[in-house]
Amino acid sequence: MLTELTDDPELAAEFILKGELAAFPTETVYGLGADACNPTAVARIFEAKGRPNDNPLIVHIVDPAHLRFVVRELPSHAVRLLNAFVPGPLTLVLPRYRAIPDIVTAGLDTVGVRFPSDPVARAFLRACGRPVAAPSANRSGRPSPTTWQAVISELDGLIPCILKGGQSQVGLESTVVDCSQDEPLVLRAGAVTLEQLQAEVPSTRLLSDHTGSARAPGMKYRHYSPCAHVVLIDDLKGVELTGKCAYIGLADTDLPFQRVVICQDLDEYARKLFEFFRQCDLEQIGQIFCQKVEEKGLGLALMDRLRRAASK
Ligand code: TXA
Ligand code: MG
């Protein structure tokens, strides 16, 4: 299949309206979209990604009026979170409306909904004029792409269209909050932080091992780890370099790493992490040192992704 590259949101939307796939930028990571109400189109997402079909997809919308074609009811705590953080890097899991086919939600009675803030994403969704189901635009088990070039390296020849935008500003996937029960439950940490959510709805909790995994089907899958051995470190004291090594963190270093990314703050660390991992794989780095950060604010999401990358 020939993969068409475009920077025209309307052209990319034509693929969606024809029942085909189009990758598109968002502020978190690039997504791989299909018409959420067309089960045949959505099936193509699972095929292109090699994604297990019991892992549900998020539905993306731009127009709040479309919410009623996606969700059956909107609990009051969900309304508070929507008003505070939407559009932005937040996904709400809500009771599903029947127009959304089983294949999107893996048969669950809930559906994840997200309103991206990225202007290109919004122009694309507006041109689609309907809800778009989209996971991250990587092959299953690979890092989420944060540039259109990374989408090419993942899906060239497997999908008909890539809408080019800038580098994803957040760089980590959205915060996923289950709002289908009495108290909001954070299933995946992201750039909308636990502290921010609790400031709006104080009863918001973080999914722990105790809460169980039944409500978070995606979390049981192995997440991406680079080919290299990933080591999480507090600081660079005592670090010994053997073979090709790389480093990403906040602290400066003079050590002769093959690749070094020193970040000014947590935002930059999050934005650059996945692209750094990709480059390390391309350069066949053997060992990657990642500096740990404090698990508050964006640091909670960053440590979650770092731990997954470090677990083999
Ligand atoms: O930032 C993002 O969320 C990106 C962009 C493209 O929007 N999308 C994304 O999708 O990361 P994906 O499929 O890679 O991750 C979605 C996560 C999965 O862990 C999935 O299991 C979970 O959200 N999820 C989706 N619907 C759910 C539902 N109804 N109940 C529980 N978890 C759900
Ligand atoms: Mg993903």
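Please read all numbers here as calculations on a predicted model, not as lab measurements. Just follow the structure's listing: the first ligand is 1, and inside any ligand the first atom is 1.
For the pair Arg51 and ligand 1, a heavy-atom separation below 4.0 Å is found. Using a non-hydrogen distance threshold of 4.0 Å, Thr105 does not register as a contact of ligand 1.
Tracing side-chain contacts under 4.5 Å through hydrophobic residues (I, L, V, M, F, W, Y), one reaches Ile16 starting from Leu163; they form part of the same cluster.
Residue contacts with ligand 1 for Glu27 are absent, since no atom lies close enough (heavy atoms, distance under 4.0 Å). Residue contacts with ligand 1 for Arg96 are absent, since no atom lies close enough (heavy atoms, distance under 4.0 Å). With a 4.0 Å cut-off on non-hydrogen atoms, Asp178 does not touch ligand 1 at all.
Between Glu173 and ligand 1, not a single N/O pair is under 3.5 Å apart. Ligand 1 has no nitrogen or oxygen under 3.5 angstrom from a nitrogen or oxygen of Tyr30. By the 3.5 Å distance cut-off applied to N or O atoms, Lys49 is not counted among the residues near ligand 1.
Electrostatic pairing of Asp35 and Lys18 does not count as a salt bridge here, judged by no charged N lying under 4.0 Å from a carboxylate O.
Around the Mg ion (ligand 2), the protein N, O or S atoms found under 2.8 Å comprise Ser136 OG.
In this structure, Phe24 and His60 have perpendicular ring planes: the angle between them is above 60°, well past the 30° mark.
Inter-residue side-chain proximity for Leu300 and Leu298 is flagged as unmet; no heavy-atom pair is nearer than 4.5 Å.
Side-chain contact of Gln167 with Thr147: a donor-acceptor pair under 3.5 Å is absent, judged by distance alone.
Ile45 approaches Ala133 most closely through the heavy-atom pair CD1-O, 3.5 Å.
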